[in-house]
Amino acid sequence: MADFDSMWAEAVRYRRVSRYLRALVESVYRDLQERSPSVKTDLEALLTFLASEYGRTDANCCTVDRFFTRVQHTWRDLPPPMREIFSDMSGTLHDAIYAPHVAANFSSLPEQLLERIRQT
């Protein structure tokens, strides 16, 4: 299995992402690997960033989508509400900026995902 650095490099490929994004993604990924109860808190922090004016960019959303698609094995066995959030985040979050109607239809806009994690 690839390490975080190589998976991150693949997810970011040719995108100019925010300097804050890597640490947020890495925290969630580490929580998933360790089955840490902090996963909800760290995922909420990541989604709060993506829903913010500064974090809501195509590069950031596409990178998060691509990264968590690549690491499905880390979240596939989570309880249904969390698994569904990760599934939607890694399925149509990449549409949030240029095809928001598509992402909204799948409840995958950053603010929709944030609301869903807050309700779990």
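Annotation: side chain to side chain contact (heavy atoms under 4.5 Å, CB included) contacts of Arg30 (sequence neighbours excluded): Glu26, Ser27, Glu34. Applying the side chain to side chain contact (heavy atoms under 4.5 Å, CB included) test to Val17 and every residue at least two apart in sequence or in another chain returns Trp8, Val12, Arg15, Leu21, Ala59, Asn60, Thr63. Phe67 pairs by the ring pair (Phe, Tyr, Trp, His ring centres under 6.0 Å) definition with Phe4, Tyr29, not counting sequence neighbours. For Pro79, the side chain to side chain contact (heavy atoms under 4.5 Å, CB included) test picks out Pro81, with sequence neighbours left out. Remark: Thr92 pairs with Ser108 by the side chain to side chain donor-acceptor pair (under 3.5 Å) rule, at least two apart or across chains. In this view, Asp77 and Arg35 satisfy the side chain to side chain contact (heavy atoms under 4.5 Å, CB included) rule, not counting sequence neighbours. Contacts of Arg13 classified as salt bridge (Lys or Arg N to Asp or Glu O under 4.0 Å), with partners at least two apart in sequence or in another chain: Glu10.
Separation of atoms CD1 (Ile85) and NZ (Lys40) is listed at 8.5 Å; rounding is to 0.5 Å. Between atom CG of residue Leu93 and atom CZ of residue Phe106 there is a gap of 13.5 Å, rounded to the nearest 0.5 Å. Put simply, OH on Tyr14 and SG on Cys62 are 15.5 Å apart, with the number rounded to the nearest 0.5 Å.
The closest donor-acceptor contact from the side chain of Trp75 to the backbone of Phe68 lies under 3.5 Å.
Sorted by first then second residue, the salt bridge (charged side-chain N to carboxylate O under 4.0 Å, His left out) pairs that include residues 106-117, not counting sequence neighbours, are Arg56-Glu111, Asp88-Arg116.
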For residues 94-105, run the donor-acceptor check on the side chains, cut-off 3.5 Å, and write out each pair with its distance to 0.1 Å, sequence neighbours left out.
unit_1	atom_1	unit_2	atom_2	d
His94	ND1	Asp65	OD2	2.7
His94	ND1	Gly91	O	3.3

Contacts under 3.5 angstrom, residues 41-50 side chains, donor-acceptor by atom type, not counting sequence neighbours:
unit_1	atom_1	unit_2	atom_2	d
Glu44	OE2	Arg118	NE	3.0
Thr48	OG1	Glu44	O	2.7

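In terms of hydrophobic clustering, with Ile, Leu, Val, Met, Phe, Trp and Tyr side chains grouped at heavy-atom distances under 4.5 Å, Leu109 and Met89 are assigned to different clusters.
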Quiz item: salt bridge (Lys or Arg N to Asp or Glu O under 4.0 Å) between Arg16 and Asp58: does it pass, once the steps are laid out?
Solution: CA-CA 9 Å; Arg16 293 180 53 90; Asp58 185 60; over 6 Å; no
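Remark: Arg76 CZ is packed, more than 12 non-hydrogen atoms of other residues, nucleotides or ligands lying under 6.0 Å away.
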